[in-house]
Asker: 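Next up is a structure, given as structure tokens.
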Number of protein chains: 2
Amino acid sequence: MAKAHRSARGPRPSSIARVPGIDYAELDAMFGYALRRAQIAAFEAFARASDGIGITPPRFTALVILQTNPGISQSVLGDVLGTARSGAMLLTDWLEHRGLAERRHRPDDGRAWGLYLTPKGGRVVETLRRRVRQQDKRFAARLGGRERRELLRLLEKLAA
Amino acid sequence: MAKAHRSARGPRPSSIARVPGIDYAELDAMFGYALRRAQIAAFEAFARASDGIGITPPRFTALVILQTNPGISQSVLGDVLGTARSGAMLLTDWLEHRGLAERRHRPDDGRAWGLYLTPKGGRVVETLRRRVRQQDKRFAARLGGRERRELLRLLEKLAA
DNA sequence: TATTGTTATACTCTATAACTATA
DNA sequence: TATAGTTATAGAGTATAACAATA
């Protein structure tokens, strides 16, 4: 059976279906592996919601953070995303080149920029938030309400 | 405060601590984001267990799969890992160059290799499995037994 | 001195496509 | 024709290090 070509959109290969006839041994009982599989599925859901303009999870995170925390600096944005300053800078460039965000001089500190969404960025992030939230809900739809709350609680406990 | 240099071991930046004073908006209520954070934490636990010889999660998975499914082909290995054939081949090269796995001709099919662990590979994977399982257990130790079972069940339900 | 942003560089991972040899 | 493996290439993502301007 020919394997369907991948969409060339997401950075991940995905395709997490179990291969018939393969013994996965203890992998199925390990949290690291289970988390990876679930995260790939979540990433695919995200890709469906953000399809079209190259928004990746870190870019989406940055847009939300910029909307909720206007005037944040690139360094702090990097801290939030867990990337080096240089990465936060390239990400900011990407947003700025597309007219979604802008750098403004800070009166109090000549070294740092304050980052802000543009009006266009504000509209885009509003649409994105709605679609991503909706897709996230659809993604978790095979869990019941109690299960969803429990899963979020357990994940938070692990990551904290 | 100077940021500590990262260990240059893992492929991920990690550093998932929440930044004080930042409003994360609905990110905290989204499964995609929660999964990503938990997975980064799990990856750090994995890195602690596999430290030293460059074993990454996909390489560990490949070693376990090779031990449990001797004679598997590179294509099927790629299917299991969710990567293209070329990636499975580079991974196989990596294992072979380190004396952990070997390619053997198949009598029934002149195109495909059968992949096998070497004796050294068998010893290495045994040690790794023990350490990774232990670290995985330690990683989940902040959950109770019932919570751990519930989490695995919920993750499986999401990924299936 | 320390920090912010910047730039250049390099490395890892992995996809794609073309090629070969077998089936 | 189809499949397994191989090879070459390219792109994304991100770390590191050095530098200038500012604190």
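Chain letters run A, B, ... following the sequence lines, proteins first, then strands; residues in each count from 1.
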Asker: Could you pull out the protein-nucleic contacts involving nucleotides 19-23 of chain D (nitrogen or oxygen on both sides, under 3.5 Å)?
Answerer:
| residue | atom | partner | partner atom | Å |
| --- | --- | --- | --- | --- |
| D:dT22 | O3' | A:Gly110 | N | 3.3 |
| D:dA23 | OP1 | A:Gly110 | N | 2.7 |

Asker: Does B:Leu95 belong to the same Ile/Leu/Val/Met/Phe/Trp/Tyr cluster as B:Tyr116, with side-chain heavy atoms less than 4.5 Å apart forming each link?
Answerer: no
Asker: Considering only heavy atoms from C-beta outward, does the side chain of B:Arg18 approach that of B:Asp28 to under 4.5 Å?
Answerer: yes
Asker: Taking only Lys NZ, Arg NE, NH1 and NH2, and the carboxylate oxygens of Asp or Glu, determine whether A:Arg153 and A:Glu150 approach each other closer than 4.0 Å.
Answerer: yes
Asker: Should the side chain of B:Ser86 and the base of D:dT6 be counted as holding a donor-acceptor pair, with the cut-off at 3.5 Å?
Answerer: no
Asker: Rounded to the nearest Å, what distance is computed from the CG atom of residue A:Asp79 to the P atom of nucleotide D:dA15?
Answerer: 12 Å
Asker: Please list every donor-acceptor pair under 3.5 Å in which a side-chain atom of residues 120-128 of chain A meets a protein atom from a residue at least two apart or in another chain.
Answerer:
| residue | atom | partner | partner atom | Å |
| --- | --- | --- | --- | --- |
| A:Lys120 | NZ | A:Arg98 | O | 3.0 |
| A:Glu126 | OE2 | A:Gln67 | NE2 | 3.1 |
| A:Thr127 | OG1 | A:Arg123 | O | 3.2 |

Asker: Taking NZ in A:Lys157 as the centre, count heavy atoms belonging to other residues, nucleotides or ligands within less than 6.0 Å. Is the count above 12?
Answerer: yes
Asker: Would you say B:Trp113 reaches D:dT6's phosphate, i.e. side-chain N/O to OP1/OP2 under 4.0 Å?
Answerer: yes
Asker: Side chain of A:Ser75, heavy atoms from C-beta onward: which of C:dG5, D:dG5, C:dC13 has the nearest atom to it?
Answerer: C:dG5
Asker: Between A:Asp93 and A:Ala112, which has a closest nucleotide on DNA chain C that is more 5'?
Answerer: A:Ala112
Asker: Measure the distance from CG on B:Leu90 to P on D:dG5 and round it to the nearest whole Å.
Answerer: 13 Å
Asker: Could you state the atom-to-atom distance from CZ of B:Phe43 to P of C:dC13 in whole Å?
Answerer: 9 Å
Asker: Aromatic ring centroids of A:Phe139 and A:Phe46 under 6.0 Å?
Answerer: no
Asker: Give the nucleotide from the list D:dT14, D:dT6, D:dA4 with an atom nearest to the side chain of B:Met89.
Answerer: D:dT6
Asker: Has A:Arg103 got a side-chain N or O lying under 4.0 Å from the OP1 or OP2 atom of C:dT6?
Answerer: yes
Asker: Within the 4.0 Å heavy-atom criterion, would you say B:Arg59 contacts the bases, only the backbone, or no part of the nucleic acid?
Answerer: sugar-phosphate
Asker: Using atom CG of A:Leu77 as one end and atom P of C:dT4 as the other, report the distance to the nearest whole Å.
Answerer: 13 Å
Asker: Output the rounded distance in Å from CG (B:Leu115) to P (D:dA4).
Answerer: 13 Å
Asker: What is the distance, to the nearest angstrom, from the CH2 atom on B:Trp94 to the C1' atom on C:dC13?
Answerer: 14 Å
Asker: Expressed as a whole number of angstroms, how long is the span from A:Ile55:CD1 to D:dA12:C1'?
Answerer: 15 Å
Asker: What is the distance from NE2 of B:His105 to P of D:dT6, rounded to the nearest Å?
Answerer: 10 Å
Asker: Mind listing the closest non-hydrogen atom pair of B:Ile22 and A:Val76 along with its distance?
Answerer: CD1-CG1, 3.9 Å
